[in-house]
Visitor: 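Could you have a look at this structure, given as structure tokens, before my questions?
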Amino acid sequence: MSEQQQRSADRTEGAPQDPGAVRPEGRRDGKRDDKRDDEAVSQFVERFAAQLVEAGMQRMSARVFACLLASDSGVLTSAELGERLQVSPAAVSGAIRYLSQVDMVSREREPGSRRDRYRVHSDQWYEAMARRDNILTRWEGTLRDGVESLGEDSPAGRRMNETLVFFEFLQKELAGLLQRWREHRDQIRAEYGDAR
């Protein structure tokens with residue numbers, strides 16, 4: 001057993017056996033924020049993860065994402081995620097792989113260490129929507145080919161053309177929507193004194 005595996009096993013050996021339990025977030029100095037209701041945070045993580053699963057995300061990826069989102073720093077190591085979610089390092093690794101592929105988290109090296117840590121960004125939803133622009137462009141091209149091959153006057157061609165027109169409309173509106181969001185986001189951050 002490697003040293004990392006042993007440390008991971010040591011952390012989870014005395015942990016609660018409820019696989020759905022999210023362990024509360026402690027500060028690095030070992031103290032907890034007395035104002036925070038740890039049980040409420042745990043319930044939020046599981047409830048939001050369940051909603052992400054209903055929307056099509058993989059269960060473990062949803063739990064990892066919600067756990068990162070609910071952490072004050074937005075940054076956790078694999079071991080910290082495993083400890084909080086009471087899951088194996090392999091489960092965290094698979095979830096992180098998926099979340100990295102869809103750009104919902106990023107991987108970075110922990111300063112002064114060989115360990116990776118994973119970050120969820122404040123703009124992850126904006127970035128995810130902005131990337132949809134490329135997907136919509138590809139879909140539009142394929143749908144145009146489909147309309148052409150089926151014939152615009154056939155029932156299938158008309159149905160496919162309506163789908164194409166919907167995606168063209170969506171893409172056109174998305175640019176303005178994202179611009180309005182950036183302006184709104186900047187205003188919110190200015191109010192918090194957190195303009196980035």
Side-chain angles (χ1 to χ4, degrees), residues 22 40-41 43-76 78 81 85 91-109 116-196:
V22 178
V41 173
Q43 289 175 3
F44 159 78
V45 168
E46 295 304 332
R47 188 172 62 248
F48 188 53
Q51 291 171 355
L52 291 171
V53 169
E54 288 174 9
M57 188 182 283
Q58 300 166 355
R59 182 173 187 276
M60 188 52 60
S61 298
R63 292 184 74 216
V64 166
F65 179 75
C67 187
L68 279 167
L69 195 63
S71 69
D72 281 336
S73 66
V75 179
L76 296 170
S78 181
L81 284 162
L85 296 172
V92 171
S93 177
I96 289 294
R97 188 177 316 111
Y98 169 80
L99 292 168
S100 296
Q101 287 171 352
V102 297
D103 295 321
M104 292 186 77
V105 301
S106 61
R107 181 186 311 248
E108 56 191 43
R109 187 65 69 180
D116 286 331
R117 58 188 191 173
Y118 307 99
R119 177 181 298 278
V120 65
H121 298 278
S122 298
D123 290 334
Q124 79 272 359
W125 299 114
Y126 168 83
E127 294 296 332
M129 290 302 293
R131 280 189 302 281
R132 293 294 180 253
D133 189 48
N134 294 332
I135 294 169
L136 291 173
T137 299
R138 287 198 317 263
W139 286 356
E140 288 169 20
T142 302
L143 286 166
R144 274 190 203 89
D145 293 344
V147 170
E148 188 176 311
S149 64
L150 292 165
E152 287 184 38
D153 295 330
S154 71
R158 284 194 301 272
R159 185 172 55 249
M160 195 166 295
N161 189 59
E162 190 171 317
T163 302
L164 170 61
V165 170
F166 170 74
F167 285 131
E168 288 171 339
F169 175 82
L170 193 60
Q171 187 171 29
K172 185 175 160 185
E173 293 297 312
L174 187 58
L177 180 66
L178 291 175
Q179 176 58 37
R180 288 192 303 277
W181 163 248
R182 286 190 299 270
E183 292 165 5
H184 185 68
R185 176 203 60 200
D186 292 346
Q187 182 181 6
I188 291 168
R189 287 181 177 174
E191 289 171 8
Y192 284 131
D194 187 29
R196 294 175 192 170

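These numbers come from the heavy atoms of this one structure, side chains and all, not from hydrogens, waters or symmetry mates. Along the sequence shown, residues are numbered consecutively beginning with 1.
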Visitor: Give the C-alpha distance, both sets of side-chain angles, the deciding distance and a yes or no for side chain to side chain contact (heavy atoms under 4.5 Å, CB included) between V105 and R119.
Guide: CA-CA 5 Å; V105 301; R119 177 181 298 278; over 6 Å; no
Visitor: Salt bridge check: are E168 and R144 linked by an N-O gap of less than 4.0 Å?
Guide: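 Here E168 pairs with R144 in a salt bridge, since their nearest N and O are under 4.0 Å apart.
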Visitor: Can you give each donor-acceptor pair under 3.5 Å made by side-chain atoms of residues 145-153, sequence neighbours left out, with the distance rounded to 0.1 Å?
Guide:
| from | atom 1 | to | atom 2 | distance (Å) |
| --- | --- | --- | --- | --- |
| S149 | OG | D145 | O | 3.2 |
| S149 | OG | G146 | O | 3.0 |

Visitor: In chain order, what residues pass the side chain to side chain donor-acceptor pair (under 3.5 Å) check against E162, with sequence neighbours excluded?
Guide: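 E162 satisfies side chain to side chain donor-acceptor pair (under 3.5 Å) with no other residue.
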Visitor: For residues E183 and Q187, is any side-chain donor paired with an opposing acceptor at under 3.5 Å?
Guide: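 The criterion, which ignores hydrogens and geometry beyond distance, is not satisfied for Q187 and E183.
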Visitor: Can you tell me how far the CZ atom of R107 sits from the CZ atom of R97, to the nearest 0.5 Å?
Guide: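 The CZ atom of R107 sits 8.5 Å away from the CZ atom of R97.
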Visitor: I need the I96 CD1 to R117 CZ distance, nearest 0.5 Å.
Guide: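 These two atoms lie 13.0 Å from each other.
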Visitor: Any donor-acceptor pair under 3.5 Å linking the side chain of T163 with the backbone of R159?
Guide: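 Between the backbone of R159 and the side chain of T163 there is a qualifying donor-acceptor contact (under 3.5 Å).
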Visitor: Between A49 and A62, which heavy-atom pair has the shortest distance, and what is it?
Guide: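 Looking at all heavy atoms of both residues, the shortest contact is O-CB, 3.5 Å.
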Visitor: Which class fits the ring pair F48 and F44: parallel under 30°, tilted 30 to 60°, perpendicular over 60°?
Guide: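 Taking F44 first and then F48, their aromatic rings lie parallel (interplane angle under 30°).
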Visitor: Would you please test F167 and L143 for side chain to side chain contact (heavy atoms under 4.5 Å, CB included) and show each step?
Guide: CA-CA 10 Å; F167 285 131; L143 286 166; 3.5 Å; yes
Visitor: Apply side chain to side chain contact (heavy atoms under 4.5 Å, CB included) to the pair Q58 and L52, showing each step before the final yes or no.
Guide: CA-CA 8 Å; Q58 300 166 355; L52 291 171; over 6 Å; no
Visitor: Below 4.5 Å, heavy atoms only, C-beta onward: do R189 and Y192 meet side chain to side chain?
Guide: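 The answer is no, as the side chains (C-beta and beyond) never meet within the 4.5 Å cut-off.
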Visitor: Locate the shortest heavy-atom distance separating V45 from C67; write the atom from each residue and the value.
Guide: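 The answer is CG1-N, 3.9 Å.
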Visitor: Quick one: closest heavy-atom pair of M60 and A91, and the distance?
Guide: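 Heavy atoms only, the tightest pair is CG-O, 3.5 Å.
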Visitor: Can you find a heavy atom in the side chain of L170 that is under 4.5 Å from one in the side chain of L174?
Guide: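 When only atoms from C-beta onward are counted, L174 and L170 do not touch, as no gap falls below 4.5 Å.
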Visitor: Taking all non-hydrogen atoms of both residues into account, name the closest pair between L85 and E46 and its distance.
Guide: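 That would be CD2-OE2, 4.4 Å.
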Visitor: With sequence neighbours excluded, tell me which residues meet side chain to side chain donor-acceptor pair (under 3.5 Å) with R47.
Guide: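 Checked R47 against side chain to side chain donor-acceptor pair (under 3.5 Å); zero matches.
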Visitor: Within this structure, what is the CZ-CG distance for the pair R185 and L178, rounded to the nearest 0.5 Å?
Guide: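 Separation between the atoms: 10.0 Å.
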Visitor: Going from CZ on F169 to CG on L164, what distance comes out if it is rounded to the nearest 0.5 angstrom?
Guide: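 Reported value, rounded in 0.5 Å steps: 14.0 Å.
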Visitor: Rounded to the nearest 0.5 Å, what's the gap from CG on L177 to CZ on R182? Could you check?
Guide: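 Output value for this atom pair is 10.0 Å.
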Visitor: Please report the closest heavy-atom contact between M104 and V120, naming both atoms and the distance.
Guide: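 Between these two residues, the closest heavy atoms are O-CG2, 3.8 Å.
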Visitor: Please name the pair of heavy atoms, one in S61 and one in M57, separated by the smallest distance, quoted to 0.1 Å.
Guide: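 In this case the closest contact between S61 and M57 is C-SD, 3.8 Å.
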Visitor: Give the C-alpha distance, both sets of side-chain angles, the deciding distance and a yes or no for side chain to side chain contact (heavy atoms under 4.5 Å, CB included) between R109 and D116.
Guide: CA-CA 5 Å; R109 187 65 69 180; D116 286 331; 3.5 Å; yes
Visitor: Check whether any side-chain heavy atom of L81 sits under 4.5 Å from a side-chain heavy atom of Y118, and report yes or no.
Guide: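 Side chain of L81 against side chain of Y118, heavy atoms only: contact under 4.5 Å found.
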